[in-house]
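Quick one: the structure is below, questions incoming.
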Amino acid sequence: MKDIFFCPEESNFYSNCLESFALRNCKKSECIVEFGSGDGSPVINSLLRNKFDGMIQGFELNTSAWKAANSTIDEYNLAHKYIIHNSSFFESSQSSQTKAEYLVANPPYIPAPDNDIYMPLLFGGIDGATVTNELLSLDYENVVLLISSFSNPKSTIDHANANGYCVSSFLILPLQFGYYSSEPKVKQHIEELRKQQMAFYSGNYYFLAGVLFKKCQEVKVDLSNELIQAMTSL
Ligand SMILES: C[S@@+](CC[C@H](N)C(=O)[O-])C[C@H]1O[C@@H](n2cnc3c(N)ncnc32)[C@H](O)[C@@H]1O
């Protein structure tokens, strides 16, 4: 199990964000695609708590995580609502003909000089925001993402705005540095990013935001500035 992403606090928060921002609003039947399903628990827990008639298509590169997710999906008889592909999201999802209404992810956001870290699939590029920003370049109508305050959050919000997205809603969770972000090589790198105003934290705490990005024409009040303020306030 050691090679499967494990952080229940973070996964539960992601599950709550999925429920509030995507599951309850979905209208079409094939409406949600997920980048990086992990052991599947966030979506599975949301499905068990909500009436949802659509289908969620997940993508997970890590084969152990994919196997664990499938066995839980079978245990709860959810195979008609949640299908996970053991392939890279970037290679697979773009070839699908119909675009989902929602793209959802708790993406890899660990900043480091290179991907030689405890779990290489959690590498988020030098500033931690590379994968997140890529997910905001794919033109989905709605994107639900977790964003970390030590992963250059301002660049992500600027990138979203430049791609026509506004912030429709967000939730914030203070989290303690965990197993992956406390790895000495990663922690030192985050300290460097802080000097360049690309990482924000206080003592052992950072903020994780669950954000609903929507195309700006669909948003009445854009909360981008409020989100930047909250994420850089540590
Ligand atoms: C932070 S974990 C989140 C896991 C799960 N969604 C959760 O919140 O508990 C990110 C996941 O993305 C997966 N991943 C990384 N790159 C990927 C890619 N290109 N395509 C699909 N999954 C990927 C990792 O293996 C990892 O399981």
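Both ligands and their constituent atoms are indexed starting at 1 by order of listing. The figures here come from the full heavy-atom set of this structure, side chains too, leaving out hydrogens, waters and symmetry mates.
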Donor-acceptor under 3.5 Å (S148 side chain, L208 main chain) |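 Absent.
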May I ask you to check whether E60 has an N/O atom sitting below 3.5 Å from an N/O atom of ligand 1?
->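 Among all N and O atoms of E60, at least one is under 3.5 Å from an N or O of ligand 1.
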Looking only at atom types and distance, does a side-chain atom of Y102 sit under 3.5 Å from a main-chain N or O of Y140, one as donor and one as acceptor?
->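 Not at all, since once roles are kept as given, no pair shorter than 3.5 Å links the two residues.
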Numbering the atoms of ligand 1 from 1, which are under 4.0 Å from a heavy atom of F59?
->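 In order of number, 21 (C), 22 (N).
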Indicate, as side chain, backbone, both or neither, the part of S88 found under 4.0 angstrom from ligand 1 when only non-hydrogen atoms are considered.
->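 It is both backbone and side chain that touch ligand 1.
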Report yes if S11 has an N/O atom closer than 3.5 Å to an N/O atom of ligand 1; otherwise report no.
->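 For ligand 1, there is an N or O atom that lies under 3.5 Å from one belonging to S11.
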Is the side chain of S181 donor-acceptor paired with the backbone N or O of F177 at a distance under 3.5 Å, no angle test?
->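 Answer holds: no.
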Can you tell me if N62 uses its side chain to pair, donor with acceptor, with the backbone of D3 under 3.5 Å?
->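 It does hold such a pair.
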Taking all heavy atoms of N86 and all of E60, pick out the closest pair and write down the distance.
->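 Heavy atoms of N86 and E60 come nearest at ND2-O, 2.9 Å.
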Output yes when the distance from some N or O of ligand 1 to some N or O of F89 is under 3.5 Å, and no in every other case.
->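 In this structure, F89 places an N or O atom under 3.5 Å from an N or O of ligand 1.
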Around atom 12 (O) of ligand 1, find the nearest protein heavy atom and jot down its residue, atom name and distance.
->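 Protein heavy atom with the smallest distance to atom 12 (O) of ligand 1: G36 CA, 3.3 Å.
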Would you confirm whether the ring centroid of F6 sits within less than 6.0 angstrom of the ring centroid of Y179?
->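 No.
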L121 N/O to ligand 1 N/O under 3.5 Å |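 Between L121 and ligand 1 (N or O atoms, distance only) the closest approach is not under 3.5 Å.
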Would you mind running through ligand 1 and noting each atom that sits below 4.0 Å from a heavy atom of N62?
->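 What qualifies from ligand 1 is 25 (O).
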Any donor-acceptor pair under 3.5 Å linking the side chain of S11 with the backbone of P42?
->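 The answer is no, because no donor-acceptor pair under 3.5 Å joins these two groups.
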Would a distance-only check, ignoring hydrogens and angles, find a side-chain to backbone donor-acceptor pair under 3.5 Å from D39 to S41?
->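 Here the side-chain-to-backbone pair exists.
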Which atoms of ligand 1 are found less than 4.0 Å from any heavy atom of S37?
->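 By the 4.0 Å cutoff, the relevant atoms are 5 (C), 6 (N).
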Flag N106 as yes when one of its N or O atoms lies below 3.5 Å from any N or O atom of ligand 1, and as no otherwise.
->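 The answer is yes, given that N106 and ligand 1 share an N or O pair closer than 3.5 Å.
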Could you tell me whether S41 and ligand 1 have an N or O pair separated by under 3.5 Å?
->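 No, no N or O pair falls under 3.5 Å.
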Considering only heavy atoms, does V131 approach ligand 1 within less than 4.0 Å through its side chain, its backbone, both, or neither?
->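 Looking at V131 and ligand 1, no heavy atom falls under 4.0 Å.
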Taking non-hydrogen atoms only, is F35 closer than 4.0 angstrom to ligand 1 via side chain, backbone, both or neither?
->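 For F35, the contact with ligand 1 is made by the side chain alone.
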